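Reading through the structure tokens given below for one structure.
Predicted model only: the values in this text are computed from it and were never measured. Just so it is clear, the values below take in all heavy atoms, side chains as well, and ignore hydrogens, waters and symmetry mates.
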Amino acid sequence: MADINGNWLGTYWQDEMPSRFEATFVQSGNVLKGSILDDNYLGEATVSGEVIGRNINFTKLYLITSPSPVTYTGTVSENEDYMQGKWSIGSRYSGLWEARRNGENLIVDLQTLLEKQTVLTTSKNT
């Protein structure tokens, strides 16, 4: 089973317009809880759902702006740092979404990449 605990940065598309979001997921076994903050007027939402194998599904409920639940379904990559899928609000609205793990791992990966590039550049100049 995929482990999606932690912070994620993502994008969802509605009418071909992207909206960014930050998500924090807390997973216990198959059960998923958390919160999402959309980078637009919709604001903060709670999340509840499940993770089964590499499949994820959850419902997002906005705290203030919209009473309509948003259903997300998707898959988690093998290395558990990327997920993607579809979202829908009933049968009227739908689109694609994706998210990448956020946090110290991304900083460490970037620092490692920069160090490798520095070593390669230094060794070529010697």
Review item, side-chain donor-acceptor pairs of residues 18-27, under 3.5 Å, at least two apart:
| unit_1 | atom_1 | unit_2 | atom_2 | d |
| --- | --- | --- | --- | --- |
| S19 | OG | N40 | ND2 | 3.2 |
| R20 | NH1 | T11 | OG1 | 2.7 |
| T24 | OG1 | N7 | OD1 | 2.9 |
| Q27 | OE1 | I4 | N | 2.8 |
| Q27 | NE2 | A2 | O | 2.9 |
| Q27 | NE2 | G29 | O | 3.0 |

Pairwise side-chain contact, W8 with M83, heavy-atom cut-off 4.5 Å (strictly under): yes
Any donor-acceptor N or O pair under 3.5 Å, side chains Q14, Y12: no
CA sep, side-chain torsions, deciding dist, call: Y62, D38, side chain to side chain donor-acceptor pair (under 3.5 Å): CA-CA 10 Å; Y62 289 101; D38 285 9; 2.4 Å; yes
Reported OH-to-CZ distance for the pair Y82 and R101, which is rounded to 0.5 angstrom: 14.5 Å
Shortest non-hydrogen contact between M1 and V51, atoms and distance: SD-O, 3.7 Å
Pairs under 3.5 angstrom only: tabulate donor-acceptor contacts from the side chains of residues 64-75 to other protein residues two or more places apart or in another chain.
| unit_1 | atom_1 | unit_2 | atom_2 | d |
| --- | --- | --- | --- | --- |
| T65 | OG1 | L42 | O | 2.8 |
| S66 | OG | S68 | N | 3.4 |
| Y72 | OH | K60 | NZ | 2.8 |

Shortest non-hydrogen contact between R54 and S77, atoms and distance: NH1-O, 3.4 Å
Distance in Å, F58 CZ paired with S48 OG, rounded so as to fall on 0.5 Å steps: 10.0 Å
Inter-residue atom distance E50.CD - N57.CG, 0.5 Å rounding: 4.5 Å
Smallest separation among heavy atoms of D3 and E80, with atom names: N-OE2, 3.2 Å
Close side-chain approach of V47 and T59, heavy atoms under 4.5 Å: no
Co-membership, hydrophobic cluster, residues M17 and I36, 4.5 Å side-chain: no
Close side-chain approach of L9 and R100, heavy atoms under 4.5 Å: no
